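Contents: one structure, followed by commentary.
Quantities reported herein were computed from a predicted structural model and do not represent experimental measurements. Numbering of ligands and ligand atoms starts at 1, following listing order.
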Amino acid sequence: MKKVTVLGGSGFLGSHVVQALGEAGWKVTVLDLRPCPALPPGARMLVGDITDPAAVAAAVKGARAVYNFAGIADLGEAHDRPLDTIRVNILGNGVALEACVRAKVKRYVFASTVYVYSRSGSFYSASKQACEAYIENYRRYRGLDFTILRYGSLYGGRSGDSNIVHKMVKEALSDKRVTYFGDGSEVREYIHVEDAARMSVEALAPEFRDQNLVIAGHQPIEVRGLMEMIREMLGGKVRLVFQHRDAGAPANTHYHRTPYSYTPKIGHKLVGRSYIDLGQGLLRLLDEVNAELARSPKRARR
Ligand SMILES: NC(=O)c1ccc[n+]([C@@H]2O[C@H](COP(=O)([O-])OP(=O)(O)OC[C@H]3O[C@@H](n4cnc5c(N)ncnc54)[C@H](O)[C@@H]3O)[C@@H](O)[C@H]2O)c1
């Protein structure tokens, strides 16, 4: 059975990729600081730190492919904690690359972002740029094949409050209001996390060796449009509140209409044959967040 290791496989995106890999017949090992909520049958869970060389070496031993989702994934958190971002995102990536070379791993798959060469994105995108540069140099000087996945705006099950769509749906359900820091004209291409996970597994195909791929939604939509969809789904009784951007987010860390700035390292967009429509995906998320709120009585009473 083909073996794969997923570093950071207990988080929002990583846990869905772990599930998709299990469904595709891979024998999965997960290394994360916390247990994976969706471990497939027969999978191995190792609790450990990506910056610990011994833990990572044990996790990648015998793997054909290694995915890396571990690290600080929130823009605001990275902006507030630049040194931790260097340690976990950049050093962690370096430890993983070294271990993969030693274990003769055939493909290193890295979770980057469409923000990578954006002029906004603060220390988060700086860490992704550094990681991409190290990965390219490990290819060049150590012969480690890679696939860099640059994800767009993800939404769906198991996302937490740092995920903007989750936050909006939760606020709409509990407070009949959706607050957004911006004027709503910001454009995003939302993709359901299960689609992104399936495409992340397809990215192991030989034609995607040493490629940068963009995994984003099919249709650009203004944030205001997304908020209006949520309002309509809840029968119109939700107030939309737009606050000045600087009131809630570190200045200039999020892009406005496009995350792309001109760069010679353009990624190719990976397009799936079928996908979860934004409306359908939102309805599922409403269901999931509703159940989450019902389990938390304090919040539901508000
Ligand atoms: N969610 C998105 O919209 C999105 C978009 C673009 C890129 N990405 C990238 O995808 C990756 C995963 O994002 P996510 O949304 O699933 O984040 P997440 O925070 O849900 O998952 C990150 C996981 O890494 C683990 N982790 C953190 N520090 C660790 C350490 N020192 N050692 C081992 N494990 C550690 C956490 O426990 C967590 O399970 C990140 O690299 C992120 O930058 C995410």
Protein heavy-atom partner closest to atom 16 (O) of ligand 1 - residue, atom, separation in Å = L13 N, 2.8 Å
Residue and atom name of the nearest protein heavy atom (relative to atom 21 (O) of ligand 1), distance in Å to one decimal | G11 CA, 3.4 Å
Backbone, side chain, both or neither: what part of Y124 comes under 4.0 angstrom of ligand 1, heavy atoms only?
-> side chain
State if T51 counts as touching ligand 1 under the rule of any non-hydrogen atom under 4.0 Å.
-> no
From the list V101, I135, V60, I148, side-chain contact (heavy atoms from CB on, under 4.5 Å) partner of Y108 resolves to I135
Side chains of T179 and E171: do they bring a donor and an acceptor to under 3.5 Å?
-> yes
So, D145 and R139, do they make that salt bridge, N to O below 4.0 Å?
-> yes
Are R209 and F146 in a cation-pi setup, meaning NZ or CZ lies under 6.0 angstrom from the ring centre and within 45 degrees of the ring axis?
-> no
Any idea which protein heavy atom is nearest atom 29 (C) of ligand 1, and the distance to it?
-> L33 CD1, 3.5 Å
Decide yes or no for Y117 and Q129: does some side-chain heavy atom of the first lie under 4.5 Å from some side-chain heavy atom of the second?
-> yes
Would you mind running through ligand 1 and noting each atom that sits below 4.0 Å from a heavy atom of L154?
-> 1 (N), 2 (C), 3 (O), 4 (C)
Which atoms of ligand 1 sit under 4.0 Å from any heavy atom of V88?
-> 28 (N), 31 (N)
Atom indices of ligand 1 within 4.0 angstrom of S112 heavy atoms, with elements | 6 (C), 7 (C)
Say whether Y151 and S200, considering side chains only, have a donor N or O and an acceptor N or O under 3.5 Å apart.
-> yes
Element-labelled atoms of ligand 1 that are located less than 4.0 Å from some non-hydrogen atom of G152 | 3 (O), 5 (C)
Is any side-chain N of the basic residue among R198 and D195 closer than 4.0 Å to the acidic one's carboxylate O?
-> yes
At what distance is the nearest protein heavy atom to atom 32 (N) of ligand 1, and which residue and atom is it?
-> I50 N, 2.9 Å
What do you reckon, are the aromatic ring centroids of Y275 and H192 less than 6.0 Å apart?
-> no
If you count the atoms of ligand 1 from 1 in the order shown, which ones are under 4.0 Å from a heavy atom of Y151?
-> 5 (C), 6 (C), 7 (C)
Where is the nearest protein heavy atom to atom 31 (N) of ligand 1: which residue, which atom, and how far?
-> D49 OD1, 2.9 Å
Are E132 and R150 within salt-bridge range, i.e. N to O under 4.0 Å?
-> yes
Of the listed options S162, A73, G71, S15, closest to atom 14 (P) of ligand 1 (non-hydrogen atoms) | A73
Shortest protein heavy-atom distance from atom 11 (C) of ligand 1, along with the residue and atom involved = F69 O, 3.5 Å
Using a strict cut-off of less than 4.0 Å between a Lys/Arg side-chain nitrogen and an Asp/Glu carboxylate oxygen, indicate whether K269 and E189 qualify as a salt bridge.
-> yes
Salt bridge check: are E194 and R158 linked by an N-O gap of less than 4.0 Å?
-> no
With heavy atoms of A70 as the reference, note each atom of ligand 1 found under 4.0 Å away.
-> 24 (O), 34 (N), 35 (C)
Residue, atom name and distance, where the atom is the protein heavy atom closest to atom 41 (O) of ligand 1 | K128 NZ, 2.8 Å
G48: numbered ligand 1 atoms lying under 4.0 Å from its heavy atoms | 32 (N), 33 (C)
Within-cut-off N or O pair, D32 and ligand 1, under 3.5 Å = yes
For the residue pair V30 and L39, establish whether any side-chain heavy-atom pair is separated by less than 4.5 Å.
-> yes
In the protein, what heavy atom is nearest to atom 15 (O) of ligand 1, and what distance, to one decimal place, separates them?
-> F12 CD2, 3.7 Å
Counting only heavy atoms, which portion of R150 has something under 4.0 Å from ligand 1: side chain, backbone, both, or neither?
-> neither
